[in-house]
There are 2 protein chains.
Amino acid sequence: MATQSHYEELARQLSAIGTVKRGLGRVLPTDCPAGAAIVLMLLDRYGEMRMSKLAELLDIDMSVTSRHVAHVAERGWVDRKADPLDRRSRLLSINPSGEKLLRQVSERYTNALANCLSDWSDEDVDRLNELLARLRAGFGDTRSRALPHQVESTTRTPSQ
Amino acid sequence: MATQSHYEELARQLSAIGTVKRGLGRVLPTDCPAGAAIVLMLLDRYGEMRMSKLAELLDIDMSVTSRHVAHVAERGWVDRKADPLDRRSRLLSINPSGEKLLRQVSERYTNALANCLSDWSDEDVDRLNELLARLRAGFGDTRSRALPHQVESTTRTPSQ
DNA sequence: TATTGTTATACTCTATAACTATA
DNA sequence: TATAGTTATAGAGTATAACAATA
């Protein structure tokens, strides 16, 4: 296990990462905020899925997912059809219009990164990608272990 | 320079980092949102400074900085005094009450990270810290180069 | 009854613009 | 006039709770 000072520095680095996310956000096309872009990426990468599955991949509440999806559906970038197996569910899929927009988004993200990170090698980017994936996995798999401090002093069963 | 697919993966990783930030946010004490915590960290690390300097370190607009500072000042965690050299300015500094809270925040952040990243070595955390710092530097130093796409087709002088 | 998804409400973080006090 | 900081307003992202439709 790493020592405390290293974790403190990591906490600071993560607190400051907003700079980068805002920088990337500025290159997005009109009417396509970051939340919409991620939805398109995930539907493109993993194919047709339900709302609930998408919410799980996004790791956000389904109520929020619902709003992101409404946004992209209203603009004709994804299709929603009834799930024949369960009429409560909706099956989401990216359509050609959405794919076209996604290509634009990817290109702009890539250009922005290439611009700002012109001195990075493939290996540098790879290492960062791997570490970020590992970081997310650590948090994603352990959400119940990262509960607020109040839990410590109670005996109740952790929610969910 | 790295190739396109590596940058695309990085864009996806960055889009998904919110999971980690939300996880860390959940361990914060009541009345101390993430924005307040960063202000305390920076005042503790760099000492007394003006609003404008703090806004620069945070890399956010001074109007936003002003609200974060008002929050922590109202709760008695930082002091604001008039700058004798320029009565328009205010000098900010963390006080003992703020230092006490900051120790609590650091401890909780560290515990959360130690919990979720129990299999990470010091070297792993170091590498991630270095890459994140480099990533931010790339964006921070080149904000004018990462402007929205509209700029490309004009001849006007970049703002600022 | 339980689950899928939507909507209403509220909170955090951010930016732009208008404003004040001072330089 | 220009600058330091504040406040008003608006938009994006999120969570919780109440709800409708279906299982």
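Worth knowing before you read on, the calculation uses all heavy atoms, side chains too, and leaves out hydrogens, waters and symmetry mates. Letters go in sequence order (proteins before strands), and every chain restarts at 1.
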Heavy-atom donor-acceptor pair, B:S52 side-chain to D:dT3 base, under 3.5 Å: no

From C:dT4, C:dT14, D:dA23, nucleotide with atom closest to A:R87 side chain: D:dA23

Sugar-phosphate only, base, or nothing, as touched by A:A34 at under 4.0 Å among non-hydrogen atoms: sugar-phosphate

Nucleotide nearest B:D61 when distance is taken to its side chain, options C:dT16, D:dA15, C:dC13: C:dT16

Min side-chain heavy-atom separation A:R75-A:S97 under 4.5 Å: no

Residue whose closest nucleotide on DNA chain D lies nearer the 5' end, A:P33 versus B:S63: B:S63

Exercise: do B:S89 and B:D83 side chains pair donor with acceptor under 3.5 Å: no

Pairwise 5' ranking along DNA chain D for B:D86 and A:L58, keeping only the more 5' one: B:D86

For atom CD1 of A:I38 and atom C1' of D:dG13, their distance in whole Å: 10 Å

B:L24 side chain near B:R108 side chain, heavy-atom distance below 4.5 Å: no

Side-chain donor/acceptor of B:R88 to base of D:dT3, under 3.5 Å: yes

A:R103 bridged to B:E8 by N-O distance under 4.0 Å: no

Closest to the B:M62 side chain, choosing from C:dG5, D:dA4, D:dA23: D:dA4

Selected nucleotide, minimal atom distance to B:M51 side chain, candidates C:dG5, C:dT22, D:dG5: D:dG5

Length of the CG-P vector between A:L54 and C:dG5, whole Å: 10 Å

